[in-house]
Amino acid sequence: QEKHRILHKLLQNGNS
Amino acid sequence: APYASLTEIEHLVQNVCKSYRETCQLRLEELLRQRANLFSREEVSSYQRKSEWEMWERCAHRLTEAIQHVVEFAKRLSGFMELCQNDQIILLKAGAMEVVLVRMCRAYNADNHTVFFEGKYGGVELFRALGCGELIGSIFDFSHSLSALRLSEDEIALYTALVLINANRPGLQEKRKVEQLQCSLELAFHHHLCKTHRQGVLAQLPPKGRLRSLCSQHLEKLQVFQHLHPIVVQAAFPPLYKELFS
């Protein structure tokens, strides 16, 4: 999961 | 397939097209309006005089911006956020660059072989400082062949949804679930093409291997660049770009 930290963050953020 | 009824298929078409419209980065009318806005000879020279690393950094930033829009596209696609996060990441890691390459055909003008980049249109020579003439040439050729199909915005939306939702990507944990979503999207794409009498488009779409090959070429060139300029990549490239490609 740490390897894809940014993608995780983008996926967890609501639609912006 | 979970989307069995005609109404459900039509809802899925609407969802994909709306998701695309909301995340397409630049509106088609704007891209067409800008076509006369070409880089001058001096501006092209200025790009060509940039160092290799500066041009790579610029392109990495532009590519990352485009990819962020693809992530938003994926998030809005019906069913995508219901996949497990491992599979969401597998699909985006494998498909985001491919979607950007397909989307690029909208920003390409086949009349003069130019592409919209940083506010104006320019040809392959604009990217000379990157030192990857063959890759840039292949990307332009790909845009050229795709733009010849004159895909509508809705067709690009449905096509790119299928580029992304590909159950054959290695590493998927819930392959069946991705297969079902892919199947629904295929039904939606076919339904839309039938309705608009454009079934002929299907046979003309580029083979999947062509997109895969462009992405591999990009990764190979990045490896060479990273070997020569590890500090530039480490310090100046966008974190999302590094996460996806390096």
Side-chain angles (χ1 to χ4, degrees), chain A, chain B residues 15-16 18-25 60-61 63-97 99-100 164-165 169-174 178 233-234 237-246:
Chain A
Q1 292 227 338
E2 186 53 29
K3 220 174 116 188
H4 302 113
R5 196 170 44 87
I6 314 279
L7 262 185
H8 272 289
K9 218 167 100 182
L10 288 174
L11 286 165
Q12 272 158 9
N13 286 345
N15 287 342
S16 53
Chain B
N15 160 261
V16 174
K18 182 169 181 280
S19 303
Y20 171 78
R21 276 198 308 276
E22 289 170 349
T23 61
C24 65
Q25 195 171 8
H61 276 94
L63 182 55
T64 305
E65 286 162 7
I67 283 171
Q68 283 171 321
H69 285 83
V70 176
V71 175
E72 289 304 316
F73 171 61
K75 284 164 66 178
R76 284 160 210 238
L77 284 181
S78 178
F80 183 83
M81 293 308 277
E82 277 73 67
L83 300 173
C84 65
Q85 205 163 55
N86 172 78
D87 291 358
Q88 293 171 10
I89 285 171
I90 293 281
L91 295 175
L92 281 168
K93 264 201 99 164
M97 174 75 176
V99 172
V100 169
L164 203 57
I165 310 299
R169 302 292 191 196
L172 291 172
Q173 280 172 1
E174 299 174 340
V178 181
V233 175
Q234 194 189 331
F237 275 32
L240 179 60
Y241 180 94
K242 285 186 280 186
E243 206 172 275
L244 288 168
F245 305 120
S246 88

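All values below were derived from every heavy atom in this structure, side-chain atoms included, with hydrogens, water molecules and symmetry-related copies excluded. To find a chain, count down the sequence lines: A is the first, B the second, and so on, and within it residues start at 1.
Closest approach of B/E243 and A/I6 over heavy atoms only: OE1-N, 2.8 Å. For the residue pair B/K75 and A/L10, the shortest heavy atom distance occurs at NZ-O, 2.6 Å. Closest approach of A/L11 to B/Q85, counting heavy atoms only: CB-NE2, 3.8 Å.
Taken from CG in B/N86 to NE2 in A/H4, the straight-line distance is 9.0 Å, to the nearest 0.5 Å.
In this structure, chain A has no heavy atom under 4.5 Å from any part of B/I67.
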